[in-house]
Engineer: 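Pasting a structure here, questions to come.
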Protein chains: 2
Amino acid sequence: MITAAVSLATAQRSLGDPGVRYPLYPPLLRGCPRTATPGLVFPVEVDYAYQDVPADLFTSSPRRGGLERWAPLLPPLDAPGLGEGATPLVPLGDGVWIKDESRNPTWSHKDRLNRVAVGAAVHEGAEGIAVASSGNHGASAAAYAARAGLRCVVLASAGAPPAVASFLRAYGADVVAVPAEARWPLLAMIAERLGYHTVSNLTPTHTGHPFGPEGYKTVAYEIHADLGVPAAVFVPAGYGELLFGVWKGFRELRDLGVTDRVPRVFGCEPAAGGPLAAAVRTGAPAAVVPTGATDAYAIDCSVGGNRAVRAVLDSGGDALLVTDAELRRARDELARQGLWAELSAAAGLAGFRQWAAREGDAGGPVVCVSTSSGFKDLGVGGDPLEPVEPTWEAVTRALRRP
Amino acid sequence: MITAAVSLATAQRSLGDPGVRYPLYPPLLRGCPRTATPGLVFPVEVDYAYQDVPADLFTSSPRRGGLERWAPLLPPLDAPGLGEGATPLVPLGDGVWIKDESRNPTWSHKDRLNRVAVGAAVHEGAEGIAVASSGNHGASAAAYAARAGLRCVVLASAGAPPAVASFLRAYGADVVAVPAEARWPLLAMIAERLGYHTVSNLTPTHTGHPFGPEGYKTVAYEIHADLGVPAAVFVPAGYGELLFGVWKGFRELRDLGVTDRVPRVFGCEPAAGGPLAAAVRTGAPAAVVPTGATDAYAIDCSVGGNRAVRAVLDSGGDALLVTDAELRRARDELARQGLWAELSAAAGLAGFRQWAAREGDAGGPVVCVSTSSGFKDLGVGGDPLEPVEPTWEAVTRALRRP
């Protein structure tokens with residue numbers, strides 16, 4: 001469903017200086033040029049004619065799915081959708097809710113970003129989509145590229161979990177495994193020489209796609225529709241685009257007078273890295289940090305960006321560093337409640353449990369975003385079933401008795 | 001959310017003879033005893049006080065998810081939910097829609113059945129859930145058992161795809177791989193000796209859980225809410241419980257006066273087996289057939305049941321046998337549209353394409369139910385990525401050039 005005419009998007013605006021604006025097109029795929037310095041590039045975001053937002057945008061009934069529900073506050077949706085979004089809030093009890101993004105078309109939150117980013121590519125008449133990712137982002141981009149009739153090349157890594165290798169290829173994209181440090185230069189070449197539209201970062205601090213993160217605002221709109229404004233939202237943070245989108249969505253609701261406050265948003269990163277935490281701690285707009293080993297490969301980012309820093313500081317939230325042990329505890333807690341989440345996806349709940357142990361009550365409902373299905377995780381498929389003798393004795397021996 | 005008080009369920013009724021009724025509890029886990037003959041057992045279904053259905057049940061706005069939305073026309077939902085259902089209809093074009101059941105909590109339609117079946121187990125005070133399945137049904141039962149605080153044992157097969165082995169174990173169930181022919185006797189022993197509630201078939205023709213398939217009616221309610229009554233619905237058919245539920249849901253809508261007709265429902269089975277097709281062809285209430293090799297392991301059933309036969313005959317639909325080649329073509333068509341479906345899940349679209357090539361226009365919108373994510377398929381994870389030299393030449397060589 002193409003609803004380009006309904007978008008109220010007007011311009012791109014620098015996160016480095018709100019006075020610095022650019023026309024909406026072309027999308028700036030390397031962040032804000034005017035505020036860039038060597039080593040630090042600010043992202044741009046999208047601005048809208050907020051005065052023209054339809055009065056019933058946030059009161060009309062929820063639809064089954066599809067970002068077009070929120071078209072006025074998204075960039076023009078020039079790419080067809082897959083019924084993305086409209087994911088459920090699952091109660092854990094004690095005022096804690098899980099926003100389960102594994103219910104999306106490619107079973108992660110990335111679908112909200114790629115629906116929007118691929119729309120920009122269609123608008124620009126791109127030959128195809130180029131993406132650097134070993135997992136969810138690559139597969140999601142491949143799916144939306146296919147849906148839009150565009151080619152797609154995914155620069156992945158040979159270390160991708162085997163099931164994820166099948167996933168990346170499933171939509172017809174060309175998948176090439178190259179070392180991580182070679183990806184960005186190759187992406188730039190593919191963009192320049194083949195006319196492909198990049199949906200991955202090309203700058204020394206993270207900027208990524210200018211339109212894509214706007215798709216994540218819909219997470220906030222949905223939470224608001226189901227629950228109102230929670231006390232806090234805990235979000236797994238890699239580059240922080242999801243964190244930013246959630247915050248911006250709640251900010252818009254407040255600025256439009258639909259709500260009166262913004263929840264505290266917390267970015268939850270692997271303790272082995274933590275570019276967001278480093279930036280917050282040092283007061284830098286963004287940071288690059290060395291990373292140690294972690295199994296949370298989807299959010300194992302050394303390069304941070306300014307979006308997440310803005311969201312955390314403006315909302316009174318924080319950056320939380322979670323160890324792999326904390327991540328596993330949270331993942332296991334979710335699994336015991338019937339939700340099989342990828343380890344990285346459990347970072348939101350892990351961050352909340354850590355924060356609550358220290359700070360106590362949040363003073364209201366808490367939402368932890370769970371970004372992705374457990375099928376994407378490391379180790380999946382590594383332990384096939386071994387046959388057991390079909391006797392009563394053997395079966396009961398195999399059952400874990402209390 | 002426990003909404004036991006809202007259910008209008010009154011009794012169990014035999015599919016073998018509508019005059020044969022039983023109290024709602026206990027749930028009859030081995031079909032209808034009164035109409036059973038050696039080799040043929042009829043299922044039971046659930047009857048409701050239809051005269052008390054709230055006037056606005058089908059007109060009030062769609063919720064985000066959770067079968068409790070439809071509580072009056074479901075058995076008492078005594079087990080907590082996971083925001084199941086409310087899946088999107090994705091347009092393929094030319095009046096064809098895909099109902100994407102991979103958006104459920106465990107990424108298949110089985111969640112609608114297990115929310116209901118585990119509720120019966122909770123009501124009965126069962127010690128746990130026992131299920132025989134090498135895939136979606138087992139994992140879904142495990143998830144809802146965990147959510148309800150019940151133990152779960154899954155009798156699987158050693159041939160389960162490796163990623164699915166991880167899936168089956170993820171929710172804390174005890175997973176034991178035994179030969180297929182040993183499963184049913186062991187299930188019966190587990191039920192009897194350990195007090196577990198079985199959610200899998202125990203009879204020579206398929207009966208399965210008496211309440212579970214009622215959960216599938218919600219697929220029909222949702223299609224109706226989004227689209228009205230389609231001309232036809234094409235459904236992958238293993239035991240035919242989903243097919244039955246979709247048909248019953250539309251039948252209820254018509255009998256309640258909400259709609260004026262029932263769509264034709266088509267059960268789409270692997271050509272290597274086809275118990276539904278055999279029963280329809282021979283006029284039998286149900287059939288058992290030998291099965292040859294097929295990669296559609298999730299619907300590779302030799303034992304059929306009467307539910308699917310009723311749905312197909314009453315609605316003017318048919319049983320369609322689809323070859324693995326037709327299944328692959330349909331799966332590839334879905335993937336090119338950004339939907340990665342398990343091979344078995346593509347049977348609905350495969351059946352429609354076959355039927356339409358023969359019969360032409362359906363005379364209205366057509367819905368193909370796609371039951372499950374491609375992550376559950378055979379071969380997933382069997383082809384890890386191989387590293388490529390990070391040079392422009394090597395990368396373009398790896399890209400499939402036109």
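Protein chains get the first letters and strands the later ones, always in sequence-line order, with residue 1 at the start of each. It should be emphasised that the depicted structure is a prediction, and the values quoted were computed from it without experimental measurement. All values below were derived from every heavy atom in this structure, side-chain atoms included, with hydrogens, water molecules and symmetry-related copies excluded.
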Engineer: Kindly give the heavy-atom pair with the smallest separation between A177(B) and L385(A), and that separation in Å.
Structural biologist: CB-CB, 4.0 Å

Engineer: Search all heavy atoms of G381(B) against all heavy atoms of S166(A) and return the closest pair with its distance.
Structural biologist: N-OG, 2.9 Å

Engineer: Given the options A394(B), S373(B), S157(B), which has more heavy-atom pairs under 4.5 Å with chain A than any of the others?
Structural biologist: S373(B)

Engineer: So, for A335(B) and A170(A), which heavy atoms are closest and what is the spacing to 0.1 Å?
Structural biologist: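 Taking every non-hydrogen atom into account, CB-O, 3.3 Å.
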
Engineer: Which answer fits Y144(B), side chain, backbone, both or neither, if we ask what part of it has an atom under 4.5 Å from a heavy atom of chain A?
Structural biologist: neither

Engineer: L186(A) versus T391(B): any side-chain heavy-atom pair under 4.5 Å?
Structural biologist: no

Engineer: At a heavy-atom separation under 4.5 Å, does S140(B) approach chain A through its side chain, its backbone, both, or neither?
Structural biologist: neither

Engineer: Relative to chain A, which segment of E386(B) carries a heavy atom at a distance below 4.5 Å: side chain, backbone, both, or neither?
Structural biologist: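 For E386(B), the backbone is the part near chain A, not the side chain.
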
Engineer: Hey, is CG on D56(B) packed in by over 12 heavy atoms from elsewhere, all under 6.0 Å?
Structural biologist: yes

Engineer: Against chain B, work out which of G65(A), P387(A), P384(A) has the most heavy-atom pairs shorter than 4.5 Å and name it.
Structural biologist: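 Looking at each option in turn, the highest pair count goes to P387(A).
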
Engineer: How close do L82(B) and Q337(A) get, heavy atom to heavy atom, and via which atoms?
Structural biologist: CD2-O, 3.1 Å

Engineer: Write out, in numerical order, the residues from residues 98-107 of chain A with a heavy atom short of 4.5 Å from a heavy atom in chain B.
Structural biologist: S102(A), R103(A), N104(A), P105(A), W107(A)

Engineer: State, to 0.1 Å, how close A165(B) and D383(A) come at their nearest heavy-atom pair, and which atoms those are.
Structural biologist: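 Smallest interatomic distance, heavy atoms only, reads CB-O, 3.9 Å.
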
Engineer: With a 4.5 angstrom heavy-atom cut-off, could you sort out which part of R183(B) is near chain A: side chain, backbone, both or neither?
Structural biologist: neither

Engineer: Against chain A, label R331(B) side chain, backbone, both or neither, depending on which of its atoms sit under 4.5 Å from a heavy atom there.
Structural biologist: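 Neither part.
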
Engineer: On the 0 to 90° scale, with breaks at 30° and 60°, tag the W340(B)-Y171(A) ring pair as parallel, tilted or perpendicular.
Structural biologist: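 The arrangement is perpendicular - the two ring planes meet at more than 60°.
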
Engineer: Within a strict 4.5 Å, meaning less than it, do heavy atoms of the L399(A) and L194(B) side chains meet?
Structural biologist: yes

Engineer: Specify the closest pair of heavy atoms between A146(A) and G338(B), including all atoms of both residues, with the distance to one decimal.
Structural biologist: CB-N, 4.4 Å

Engineer: Is I190(A) in contact with chain B via its backbone, its side chain, both, or neither, using a 4.5 Å heavy-atom distance?
Structural biologist: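 The answer is both parts of I190(A).
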
Engineer: Please state whether the side chain, the backbone, both or neither of V176(B) comes within less than 4.5 Å of a heavy atom of chain A.
Structural biologist: side chain

Engineer: So which residue, A143(B), P185(B), A225(B), A156(B), ends up with the most heavy-atom pairs under 4.5 Å with chain A?
Structural biologist: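 The candidate making the most pairs under 4.5 Å is A143(B).
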
Engineer: Taking the side chain as every heavy atom from C-beta outward, state whether M189(A) and V395(B) have any pair of such atoms under 4.5 Å apart.
Structural biologist: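 No, every pair of side-chain atoms sits at 4.5 Å or beyond.
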
Engineer: Which bit of A86(B) comes within less than 4.5 Å of chain A, counting heavy atoms only: side chain, backbone, both or neither?
Structural biologist: both

Engineer: Side chain, backbone, both or neither: which part of E222(B) has a non-hydrogen atom closer than 4.5 Å to chain A?
Structural biologist: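 Looking at E222(B), backbone and side chain both touch chain A.
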
